[in-house]
Amino acid sequence: MPNKSLADIQQAMQQLQENFLRKLETHADILRGINKQLQNEDISSLNELINLSHQLAGSCGTFQLADAGYLARQLEVVAIQLQQSASVDTRLIHLVSDAISHFTDEVDLRLLKNNSVASMSEIGSPYQQKQLIWLALEDQILCTELMAQLSAFGYQVVSFDSFGAVQIALLKSVPGLLFCSAELKGESLLLQNQLLQYVSEQQCKLMIFSIEDFFELRVAAVRINAAGFFVSPLDVPSILHRISKLFDDSYITDKKVAILDDDLLLAEHYSWVLKSAGIDVLLVKEPEQIISELQNFSPDLLLLDMHMPGYSGSDISGVIRQYDSLSSLHITFLSAEHDIKQQLQAMSFGADDFITKPISNENLITSVRLTLARNKEIKSLIERDSLTGLIKHSAIKEAVARQYDLFKRSTDQFCVAMLDLDHFKNINDSYGHAMGDVVISTIATLLKKRLRRSDRAGRYGGEEFLIVLPNCKLQHAEEALNTILRAFREIHFSAGKSQFSCTFSAGVVSSELEYADAEDMIKAADEALYQAKKLGRDQIFSN
Ligand SMILES: Nc1nc2c(ncn2[C@@H]2O[C@H](COP(=O)(O)OP(=O)(O)OP(=O)(O)O)[C@@H](O)[C@H]2O)c(=O)[nH]1
């Protein structure tokens with residue numbers, strides 16, 4: 001038999017994957033059937049459930065459905081617990097029923113994604129799909145202006161001239177956002193039931209533009225889940241800001257949890273439970289490795305066992321707090337300790353709160369989610385600048401210091417850039433301070449949109465921004481900044497009847513030059529910025 005080509009193998013694997021997904025759909029249906037029985041406290045299919053979840057736990061991971069695999073394993077564990085319970089335990093039945101729902105929800109999501117990826121092949125990866133915006137606007141001049149501006153921000157924009165055209169297109173692909181007029185060609189958006197149903201089923205965001213503004217219309221927008229309601233005349237920078245925030249929010253990744261517990265089985269159990277809720281988890285196995293593991297993983301929360309052989313939770317949290325880069329990490333003690341006195345004493349070593357063991361899966365997820373959400377809010381209030389939404393002076397300097405520390409250990413090259421708007425005083429003087437604020441907010445939005453997700457940008461001063469680009473060579477940092485500069489030049493600001501555009505200068509340096517410390521690198525980036533200004537502004541200068 002002749003050797004199979006790579007393409008043949010890929011095709012065969014693709015076929016296998018598709019077969020598995022089809023089978024998975026059938027399995028999910030069987031599980032839903034069993035779930036209905038359970039809801040009537042009928043446990044006659046428990047054996048079938050255990051066998052099926054066992055089989056799925058083993059197979060899902062092989063077919064790139066690791067999350068579904070975790071959920072199936074978890075389902076198996078609780079189903080066995082139910083089987084072993086002496087009497088019919090309704091609490092356990094609920095746990096099993098929830099575990100089935102988690103699993104089938106995950107499968108539904110994966111099947112949906114798989115379909116949309118296949119039908120979106122002409123557009124690109126799912127990530128690009130999320131950057132796709134569809135406009136269906138009555139006002140063609142506004143539509144053209146918005147298309148130009150959104151393209152400058154790197155979005156793919158497609159325009160439609162009727163609700164019918166949008167509805168047909170939705171059968172083939174799904175944008176990240178649909179921005180449309182409340183009234184288009186004499187038709188009301190609110191009456192487009194099928195279109196609105198597609199939009200909600202496909203989890204596409206919807207924003208509405210309306211000539212009229214009255215309370216009932218706004219309520220109707222809320223009821224169809226619109227993520228924004230804009231009235232004429234449209235303030236373009238403000239909608240750009242909102243769109244960018246909308247896309248940003250769906251990528252929010254403040255959901256990383258590290259766990260250190262000497263009971264590995266328990267730690268793995270927590271890990272499964274949290275992963276099933278979409279949380280990234282790192283299991284730290286050796287207490288001595290915790291600092292480097294935390295620095296590499298950068299979790300938002302550490303779940304820390306209180307009693308371990310060799311060290312107590314207080315020992316570990318005390319050491320963690322000796323590191324500036326970990327000083328704001330939220331530490332939650334996991335402990336079977338019920339004595340409040342002991343708990344409070346342990347907290348004086350730098351932990352933030354307690355979870356008392358044993359804790360149910362649901363309570364663990366809820367507690368971790370609440371902590372992550374609260375931390376994110378507090379962090380945002382403390383660290384973020386209200387005009388730009390970027391991190392503030394001290395936080396961005398801290399980000400440079402953190403990257404510098406990592407560089408010292410891993411030698412992964414990184415770059416630092418200082419960026420300053422050109423002749424910004426003239427903009428304030430000519431168009432007013434409020435317009436100046438719009439320009440500052442726009443460059444910030446552009447930075448958030450155009451930099452990689454791993455890059456950090458912060459507002460260093462009034463119209464000055466500091467950027468850290470990890471794992472980046474000088475040439476790539478220059479290219480990235482030049483792309484941003486070109487896009488920024490294209491943005492037109494409207495001030496009354498006049499329009500203007502703005503430029504910036506930036507200095508960029510690479511860790512390759514071996515600076516003494518992070519402060520030294522920032523200073524060098526500032527000097528490079530000075531050179532860019534001296535050479536005539538509107539350019540990037542690198543050292
Ligand atoms: N609107 C607005 N203006 C600000 C803010 N922070 C600082 N500025 C103004 O930014 C201007 C900065 O001006 P300069 O430092 O002289 O620099 P420039 O005019 O940008 O000139 P070059 O940097 O040399 O190109 C000052 O007029 C500040 O008042 C802010 O938050 N909002």
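We use all heavy atoms of the structure for the numbers below, so side chains are in, but hydrogens, waters and symmetry mates are not. Just so it is clear, the structure is predicted and the values come from calculations on it, not from any experiment. Order of appearance sets the numbers: ligands from 1, and atoms from 1 within every ligand.
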**Q** Just by distance, with hydrogens left out, do Q192 and Q167 show a side-chain donor and acceptor under 3.5 Å apart?
**A** no
**Q** What pairs with D67 under salt bridge (charged side-chain N to carboxylate O under 4.0 Å, His left out), at least two apart in sequence or on another chain?
**A** none
**Q** With a 3.5 Å cut-off and no angle check, do the side chains of S510 and Q413 form a donor-acceptor pair?
**A** yes
**Q** I need the contact residues for ligand 1: any residue with a non-hydrogen atom closer than 4.0 Å to the ligand, ordered by chain then number.
**A** D420, L421, D422, H423, F424, K425, N428, H433, G436, D437, I440, R459, G462, E463, K533, R537
**Q** Less than 3.5 Å apart, which donor and acceptor atoms pair up between the side chains of residues 137-146 and the rest of the protein, not counting sequence neighbours?
**A**
{"unit_1": "E138", "atom_1": "OE1", "unit_2": "K185", "atom_2": "N", "d": "2.8"}
{"unit_1": "D139", "atom_1": "OD1", "unit_2": "I141", "atom_2": "N", "d": "3.0"}
{"unit_1": "D139", "atom_1": "OD1", "unit_2": "L142", "atom_2": "N", "d": "3.1"}
{"unit_1": "Q140", "atom_1": "NE2", "unit_2": "L137", "atom_2": "O", "d": "3.2"}
{"unit_1": "T144", "atom_1": "OG1", "unit_2": "Q140", "atom_2": "O", "d": "2.8"}

**Q** Keeping to residues at least two apart or across chains, list the salt bridge (charged side-chain N to carboxylate O under 4.0 Å, His left out) pairs with something in residues 400-418.
**A** E398-R402
**Q** So for atom CD, which belongs to E514, do other residues, nucleotides or ligands contribute more than 12 heavy atoms lying within a distance under 6.0 Å?
**A** no
